[in-house]
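The chain is numbered in sequence order, starting from 1. In this text, all values refer to a predicted model and were calculated from it rather than measured experimentally.
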Amino acid sequence: MYLLSAAAETEDFVPKRAESGIQGWIDCYENLELAGTVFAGGVQGPGKMAGHPALEQARAMGAAIR
């Protein structure tokens, strides 16, 4: 599983809280693991993610899946 998260905040702890929450769900499944994460900080409303560098990082991560 891959996680793309976005938030208005940019602090390091913000994506860690999202990862921790999703990890609890992942732990319920024997053959599931968190394979990668991408965080887009500073996204403060609809349409504000356009052009964010995290989108290219997510695209590259997805392209590397085999």
Side-chain angles (χ1 to χ4, degrees):
M1 170 176 227
Y2 292 85
L3 172 66
L4 170 60
S5 60
E9 297 84 4
T10 59
E11 292 83 10
D12 291 339
F13 70 87
V14 176
K16 299 297 179 207
R17 301 234 7 221
E19 291 169 28
S20 176
I22 200 75
Q23 188 62 55
W25 181 78
I26 290 170
D27 290 345
C28 295
Y29 297 90
E30 186 175 318
N31 296 316
L32 186 61
E33 65 182 47
L34 186 58
T37 65
V38 176
F39 174 63
V43 178
Q44 299 191 16
K48 302 297 182 183
M49 183 107 174
H52 196 288
L55 292 177
E56 177 56 30
Q57 185 182 358
R59 188 207 63 75
M61 188 179 292
I65 296 172
R66 298 184 191 251

Would you list the atom pairs, donor with acceptor, under 3.5 Å between side chains in residues 44-62 and any protein atom, with sequence neighbours excluded?
{"unit_1": "H52", "atom_1": "ND1", "unit_2": "A54", "atom_2": "N", "d": "3.0"}
{"unit_1": "H52", "atom_1": "NE2", "unit_2": "G41", "atom_2": "O", "d": "2.9"}
{"unit_1": "E56", "atom_1": "OE1", "unit_2": "R59", "atom_2": "NE", "d": "3.3"}
{"unit_1": "E56", "atom_1": "OE2", "unit_2": "R59", "atom_2": "NE", "d": "3.2"}
{"unit_1": "E56", "atom_1": "OE2", "unit_2": "R59", "atom_2": "NH2", "d": "2.9"}

Return a table of donor-acceptor pairs under 3.5 angstrom between the side chains of residues 19-27 and protein atoms on other chains or two or more places apart.
{"unit_1": "E19", "atom_1": "OE2", "unit_2": "T37", "atom_2": "OG1", "d": "3.4"}
{"unit_1": "Q23", "atom_1": "NE2", "unit_2": "D27", "atom_2": "OD1", "d": "2.7"}

**Report entry** Transitive ILVMFWY cluster of F39, excluding itself - 4.5 Å side-chain cut-off
**Finding:**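 Grouped by the 4.5 Å side-chain rule, F13, V14 form the rest of the cluster around F39.
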**Report entry** Transitive ILVMFWY side-chain link I65 to L32, under 4.5 Å
**Finding:** no
**Report entry** Joint hydrophobic cluster, Y2 plus L34, side-chain heavy atoms closer than 4.5 Å
**Finding:**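 Each belongs to a different hydrophobic cluster.
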